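To find a chain, count down the sequence lines: A is the first, B the second, and so on, and within it residues start at 1. All of these numbers come straight from a predicted model, not from anything done at the bench. Values below: every heavy atom of this structure, side chains too, minus hydrogens, waters and symmetry copies.
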Amino acid sequence: MEKSKLKAEERTPLIEITNLSKTYGKRSTAFKALEKINLKIYSGESVAIIGKSGSGKSTLMHLMALLDQPTKGSIKVMGANASRLKGRKLNKLRNKYFGFVFQQFFMNSNDTVLENVLLPLKIAKVSRFKRKKIALKALDIVDLENKAKNKATDLSGGQKQRVCIARAIVNNPKIIFADEPTGNLDSGTGKKIVDLLFGLNKKGVTLIIVTHDEDLAALCDRQVRIVDGNIVAETRSKRGSSLRSRSIREGEKEDR
Amino acid sequence: MKISDLITSANRNLLRNKTRSFLTILAIFVGSFTIILSSAINAGVNDFIDKQVASIGGDGFIEVMPAAASEQIMERMQSGEKVTEYNEKTGSVTSASISEEDFEAMKKVDGVKELEVYHILSPEWMRLKNAEKKYNVSVEYFPVGTMNVDLSAGRMTNDKSDDYEIVVNEDWLKPFGLDKAEDAIGKTVEIATKQTVKCYVAPSDCLAVVEAKIVGVQAPGVLSVSGDLHISRALDQELYRLANEGISEESLGIYFAVGEVEPDKIEDIRKTFKEIGSGYTFITVDDTVGMIRTFFDVILTVFNIFGVIALIAAAIGIINTLFMSVQERTREIGLDKALGMSRVKIFLSFSIEAISLGFWGSVFGIIVSMLIGFSVNNFLHSEGQILETFPTFELARFSPEVIIPIVLLVMFIAFLAGTAPALQAAKKNPIDALRYE
């Protein structure tokens with residue numbers, strides 16, 4: 001039973017993109033951000049979307065995360081056609097199955113760290129007591145439980161990004177979308193974030209990372225290279241996993 | 001998000017910009033304070049008038065007089081002439097009287113519950129039984145009906161029984177040597193009246209004394225300042241009989257009558273009475289106090305208009321505050337949407353913020369207007385001030401029926417003011433909102 005289920009999941013992609021185009025503006029000022037993109041992402045994968053600034057990689061991520069609507073083409077998430085997902089169903093999908101990590105963090109600076117982490121649970125109508133418990137657990141995973149009562153503004157960049165990861169995993173998501181998760185961080189703190197993200201991937205969470213950082217991309221199972229709105233190359237790194245494990249080991253050493 | 005969470009976060013957002021929220025609430029406060037205070041005064045004045053109206057006869061109480069008499073009085077008042085020409089047909093004011101025949105006809109008119117000849121009594125004195133001191137007194141009887149007299153102790157007279165009963169007012173407690181209104185109940189008084197005919201024969205020995213029981217004490221009020229004490233029907237008839245013993249009934253005449261009618265038929269009765277005999281009119285208590293009511297209504301309406309204008313200004317303040325709030329929190333809205341918050345909830349979160357502004361503004365309005373209302377009340381009731389003699393008159397009356405509709409109205413206005421900014425927030429595209437700098 002278990003095995004057949006696993007196989008079925010492997011066969012249906014978690015996210016399936018067909019002929020996807022996105023155009024900004026109208027007619028003369030129209031700008032094609034993405035053109036006829038085809039991409040399949042399977043459960044448990046880690047995928048890096050690499051490209052220069054303005055290549056369309058962020059737009060692609062936003063479309064996959066159903067934060068934006070495509071101009072043409074279709075997106076299927078867990079077998080369901082995204083264009084048909086509207087209102088409550090769409091909100092529920094984002095709330096229950098997606099986690100977001102942004103380069104700019106997007107934290108409510110006036111709220112406490114705990115409040116920021118439990119926001120997705122609050123939106124999901126989880127009771128006060130329960131959501132606090134779950135959020136503290138998530139903070140424990142990112143090693144920031146002792147900062148729960150602090151104001152979000154009082155944290156360093158690395159700590160902020162870890163809070164964002166805690167917020168992204170608090171709803172136990174199937175997919176984590178990370179947009180330049182290490183972009184604003186120095187290499188040491190960046191490594192910690194990377195370890196956290198790939199640690200989650202190891203536990204079965206699908207990871208989609210948008211980055212211009214080749215080193216970070218190399219850690220992923222798969223690299224999707226985008227130039228001017230087109231996929232120019234897809235590579236699969238065989239050594240990705242070994243590199244990753246080394247990085248994790250180094251990270252652990254640093255922690256100690 | 002749960003509604004309770006939305007309310008908590010809305011109020012937390014208001015606290016984030018304390019000065020801005022405070023100023024907006026202040027604007028709402030000014031409007032709601034004005035409306036609440038003027039409505040409270042309106043309620044207080046009307047409540048007092050209602051009580052006073054009840055104390056002389058309630059809604060259905062009428063005083064009937066010949067139309068000729070009232071017309072003459074009206075004519076004199078309107079023309080300003082002190083001396084008017086004699087009219088053969090109507091006769092003089094004093095001689096115009098109600099004929100027995102017409103009196104019976106009026107009694108039968110639909111809607112008339114009770115109609116009685118009003119006896120003008122002039123008792124000589126009154127004293128507590130066996131007491132030394134005698135006091136001047138004036139008494140009267142009219143049908144009590146369903147009226148609700150403002151009593152500080154006891155009950156009204158029972159006019160169906162043959163008992164001699166009297167209701168005194170609080171001014172009598174001191175002369176009778178009593179501390180509390182309750183102490184007066186059950187005491188017996190003696191009322192003396194001169195017997196007109198007997199007095200021609202023996203002027204020194206023509207007093208008749210009747211014993212009556214105090215059954216109630218009337219609270220002081222504007223309309224009872226005449227000081228006439230209410231007596232039971234049986235006592236009224238006994239005093240009238242004693243005073244006029246030996247005089248034929250026909251020669252006494254009926255100058256006016258008092259009665260009780262069904263309040264909703266008053267206008268029909270008025271028309272019918274005009275057609276009986278040479279025509280009769282009556283005045284109701286409402287006619288008497290209508291002027292006072294209108295006066296207060298006009299003043300307080302003006303105040304309410306000021307309040308509403310202030311509220312409209314405050315509503316513009318709310319719109320402004322919320323638009324600023326939406327702009328400041330654009331990224332937050334984007335994040336909420338990205339994390340799966342629905343449009344309705346985003347709309348609600350800003351609406352609740354607007355409603356909270358209205359709520360707090362009106363709560364402060366209630367608190368301040370109550371403080372002012374109560375202290376002015378206390379001041380006016382203190383010794384030497386104009387309301388000292390009217391303890392039951394609350395100048396500003398703050399009942400839930402007055403306050404709650406105003407609070408709801410203010411909250412509704414705030415909600416309306418908040419719809420435009422809230423809609424703007426709800427419509428935002430999550431990605432555009434997140435990209436906002």
Practice item. Flag the pair B:D5 and A:K125 as a salt bridge only when some basic side-chain nitrogen lies within less than 4.0 angstrom of an acidic carboxylate oxygen. Key: no
Practice item. Find out whether A:N95 and B:M341 are in side-chain contact, i.e. whether some heavy atom of one side chain is under 4.5 Å from a heavy atom of the other. Key: no
Study note, to complete from the structure: Okay, A:S127 and chain B: the region with an atom under 4.5 Å from a heavy atom over there is both
Review point. By a 4.5 Å heavy-atom criterion (distance strictly below it), what part of B:R329 contacts chain A: side chain, backbone, both, or neither?
Key: neither
**Study point:** Partner residues of A:Y97 under the ring pair (Phe, Tyr, Trp, His ring centres under 6.0 Å) criterion, sequence neighbours left out
**Key:** none
Check your understanding: Around atom NZ of B:K2, are there more than 12 heavy atoms of other residues, nucleotides or ligands at under 6.0 Å?
Key -> yes
Check your understanding: Tell me, side chain or backbone of B:S349 under 4.5 Å from chain A's heavy atoms, or both, or neither?
Key -> neither
**Study point:** Over 12 non-hydrogen atoms of neighbours within 6.0 angstrom of CZ in B:F412
**Key:** no
Review point. What is the distance from atom CG of A:D68 to atom CG of B:D432, rounded to the nearest 0.5 Å?
Key: 7.0 Å
Check your understanding: Does a sphere of radius 6.0 Å around CG in B:D297 hold more than 12 heavy atoms from other residues, nucleotides or ligands, not counting ones at 6.0 Å or beyond?
Key -> yes
Practice item. Heavy atoms only, distances under 4.5 angstrom: which of A:R131, A:K92, A:K96, A:Q69 has the most pairs with chain B? Name it, please. Key: A:R131
**Study point:** Contact check, side chains of A:H62 and B:P430, non-hydrogen atoms, under 4.5 Å
**Key:** no
Review point. Just by distance, do the side chain of B:R331 and the backbone of A:N108 share a donor-acceptor pair under 3.5 Å?
Key: no
Exercise for review: Taking atom CZ of B:F296 as the centre, report whether more than 12 heavy atoms of other residues, nucleotides or ligands fall under 6.0 Å from it.
Suggested key: no
Review point. For the residue pair A:E115 and B:R12, what are the closest heavy atoms and their distance?
Key: OE1-NH1, 3.4 Å
Point to revise | chain B contact via A:R167 - side chain, backbone, both or neither, heavy atoms under 4.5 Å | key: side chain
Exercise for review: May I ask you to name which of A:N171, A:N91, A:L121, A:V126 has the most heavy-atom pairs under 4.5 Å with chain B?
Suggested key: A:N91
Check your understanding: Which of the residues A:D111, A:L90, A:L67, A:L93 is involved in the greatest number of heavy-atom pairs with chain B at under 4.5 angstrom?
Key -> A:L67
Practice item. Could you please spell out the steps behind the side chain to side chain contact (heavy atoms under 4.5 Å, CB included) verdict for B:L434 and A:F102? Key: CA-CA 10 Å; B:L434 276 173; A:F102 301 97; 3.9 Å; yes
Review point. Is A:K122 salt-bridged to B:D336, going by a charged N under 4.0 Å from an acidic O?
Key: no
Point to revise | Contact origin within A:F106 toward chain B - heavy atom pairs under 4.5 Å | key: both
Review point. What part of B:L335 is in contact with chain A, defined as an atom under 4.5 angstrom from a non-hydrogen atom: side chain, backbone, both or neither?
Key: side chain
